[in-house]
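In each ligand, atom 1 is the first atom listed, and ligand 1 is the first ligand listed.
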Amino acid sequence: MNHLSRRDFLQVTAGAGAFASLMPPPAGHGAGPMWQPPAVGAGWFDKPMRWVQLTLVENDPGSFDPQFWLDYFRRLHADAATLSAGGIVAYYPTDVPLHHRSEWLGTSDPFGTLVAGCRTMGMHVVARTDPHAVRDDVHAAHPDWISHNADGQARRHWANPELWVTCALGPYNFELMDQVHREIVTKYKIDGIFSNRWAQQGGDCYCANCQKNFKDATGMELPKTTDRSDPARRAFVAWRKTRLTDLWKKWDATVRAANPDASFIPNGPPDLKTAGELAAIQFTDNQARRGVTPPWNNGRRAKEYRSVMGRRPIGGIFSVGLEEAYRWKDSVQSEPEIRLWVAEGTANGMRPWVTKFSGVLYDRRWLPVVERIYDWHYAHERYLRNEMPLARVAVLHSEQTAAEHPGVAQGDRHEDHMLGMYHSLIESRIPFELVHEAFLTPDRLDRFKLLILADAAALSDAQCGAIKDYVNRGGSLLATFSSSLYDEQGRRRGDFGLADLFGVSFDGKVEGPMQNSYLSLDADTASGARHPVLQGLEGTPRIINGAFRLAVRPTVDFPSPVTLIPTYPDLPMEDVYPRVKHTTTRELYLREIGKSRVAYIPWDIDRTLWDVMCVDHLRLLRNTIEWATNEPAPAIVSGPGVIDVTVWRQRDSMTVHLVNLTNPMMMKGPLREVIPVGSQQLTVRLPEGTRPRKVQLLTAGKSVDFKTTGQAITLTVPSIDVHEVVAIDL
Ligand SMILES: [Zn+2]
């Protein structure tokens, strides 16, 4: 991954806001009072639909054929390119001292050649720089530009020991790279600068500049540990984010001074909130899946970015190779894997951006694959220029919880709750979005009927207040486990911040990991009927429990559809019988408040689902989501398989994307083959005041019969190989 690792990202993110008020303005390197964020929707950024990136290697000049790439860009119908320009290696005749020209450059200007070729095709061009490493001459001239370890040693590059790692937060970036960016934009009038690995690489920096700047800003010495309870660590995380944000603003001001229509685009923002505040465009650097990752992870990144970017464009960077820890950068991935990964991004609103390292190709198998993907995209562009998602369910994306809340006990991990909830929504075929904790405003929240808190543990009082207001305005809420039990710094509250909404209070006890505990599925004592959330579970009086539960106490009256069967011995087999057959301890709290429905689940249904994938948990969770939403989904898709369903509005149309995830390699790629899934029946709700004029299947390439009933249409999609789009002209 060519950006902050997930861990770095969280570290950079952590403490955002919490310490901001303690921070004096940074000395020296700020962007100055003239800097203003770009207006949303301004400029060229929303125009390109298909991106390409060519990252040159140092010996490419003279060896690679620029015309081959330009011809390929043309065949891809690409309308924007990101091209290697400078940083570690300059691919143009730079005049900035210590900016290393490629040893193979001679008198050539491969960057300029590619820029000119792209311009003649009407493409937008962004220059790629990478500031994270330098050579011996720079180290000799400016030892103060080099990152230092905690023991005071200058830091060699971990992958190429001939290089030195630069300090990201000192004069190398604020001064030298600032000159480089000015030179590139001035010389070539390009549309932007995209910097790779612009945050600190290789570990925290302890150079003299960082020591001094941190002390000037906070009065503290740099932290020697990563212990988050250390005040110096917390201050450092906040300071680092502030410095990076200042660097972003400074580079952006420099770029815009040289070309008012251009912008600085970081590869990976300091945190998503900052991206929401500063960026005209963003790219997710999630190039392929690795390890045990479901394909929906690409769509998930799109949703995360959209939770702060809203309508602004998001590009999905994908590579054509394997993205594993061994980093075979010149490799080529299987065609079905590339197709599915890109389809997940497209279905979730990202614009494709193919990235390739090295202008000289060894393995060319990917070329026609990407060409076919881009051809399809180009042919259907008008149905892919989305105005807004039509999902009615949203899950809170809490970067704060990810950073501040490790879990309630050993074995509990916040991210597993999110992953389980995400997977359950995919399997349940419920279109959904993410909303970000920093933007819980009515304009962002009120288009959703249901907000889900998947163990959103760390919430501030203000965030709890915004959620209460949303419910008071008629929104519904589903919360699991320790949601709102901690404040924004991860300190446990005496009671849930949302106790009033849940109608329960925390009783002070966390139980788990539990062995051999169950849930009793109970009929209403008066009517004898079971609650609708138990639909599909008629055949059994009980299902398995999760692994962790919070002891809670109801403060209002509740129905009692699901109750606790406490843990009992699981060995020896002679002893495996419940000591208590039935309790009145509810494990699901359902209430109606005006037009709102509120469901609170005091155990880890989402985490355990991710852990053991129990179908009964999936059923109960899906039913509870549907009960709380209390309206039909915008698209109901029935038929075999696992399908990611997303629903979008364009100016004159709406689309339903169906991505076929059904594959034995779904949870661990790469895919070997495409396995088409059979007939799907769709019911699609049309936006109020619209009528369907024409319905097409974009991949099958044909119109389809449909039946109109009220404000809904029904139709059949006969088969999906990787990705089908139902496009409805309105
Ligand atoms: Zn430093």
Side-chain angles (χ1 to χ4, degrees), residues 3-5 7-15 19 23-31 87-88 98-100 129-161 163-181 195-226 230-251 266-271 274:
H3 66 142
L4 300 169
S5 71
R7 188 174 56 83
D8 288 342
F9 187 82
L10 294 177
Q11 283 179 353
V12 168
T13 301
F19 279 76
M23 295 289 136
H29 300 303
I88 297 169
L98 295 172
H99 188 209
H100 173 80
T129 64
D130 190 324
H132 89 274
V134 291
R135 286 167 177 72
D136 282 337
D137 58 335
V138 179
H139 172 253
H142 275 285
D144 57 313
W145 289 359
I146 308 301
S147 175
H148 284 62
N149 297 322
D151 61 7
Q153 294 298 305
R155 183 173 275 143
R156 285 282 187 185
H157 196 279
W158 64 95
N160 180 0
L163 301 180
W164 300 89
V165 178
T166 55
C167 168
L169 303 178
Y172 181 75
N173 271 349
F174 278 92
E175 292 165 22
L176 188 280
M177 283 306 298
D178 194 54
Q179 283 184 56
V180 169
H181 290 161
S195 275
N196 193 50
R197 291 191 185 264
W198 68 297
Q200 191 61 53
Q201 301 290 309
D204 293 338
C205 181
Y206 294 86
C207 76
N209 284 308
C210 284
Q211 287 182 42
K212 177 175 188 308
N213 290 336
F214 183 64
K215 189 152 197 178
D216 288 351
T218 66
M220 297 186 207
E221 303 295 332
L222 288 168
K224 297 287 185 191
T225 72
T226 54
D230 175 3
R233 167 57 55 177
R234 296 188 71 84
F236 174 73
V237 168
W239 172 79
R240 182 173 53 185
K241 198 196 85 147
T242 304
R243 289 288 289 175
L244 264 186
T245 305
D246 287 341
L247 181 61
W248 179 343
K249 290 178 179 176
K250 181 177 174 67
W251 282 349
N267 190 4
D271 65 4
T274 306

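- When rounded to 10 degrees, the angle formed at the Zn ion (ligand 1) by SG (Cys207) and SG (Cys167) equals 110°.
- Closest of all the heavy-atom pairs between Pro270 and Lys241 is CB-CG, 3.7 Å.
- Within the 2.8 Å limit, His148 places no N, O or S atom next to the Zn ion (ligand 1).
- His132 and His157 have tilted rings, their planes meeting at an angle from 30° to 60° on a 0 to 90° scale.
- By the 30° and 60° cut-offs, the orientation of the rings of Trp248 relative to Trp198 is perpendicular.
- Not one N or O on the side chain of Tyr172 forms a donor-acceptor pair closer than 3.5 Å with the backbone of Asp144.
- The Zn ion (ligand 1) lies at the vertex of an angle of 120° between the SG atom of Cys205 and the SG atom of Cys210 (rounded to 10°).
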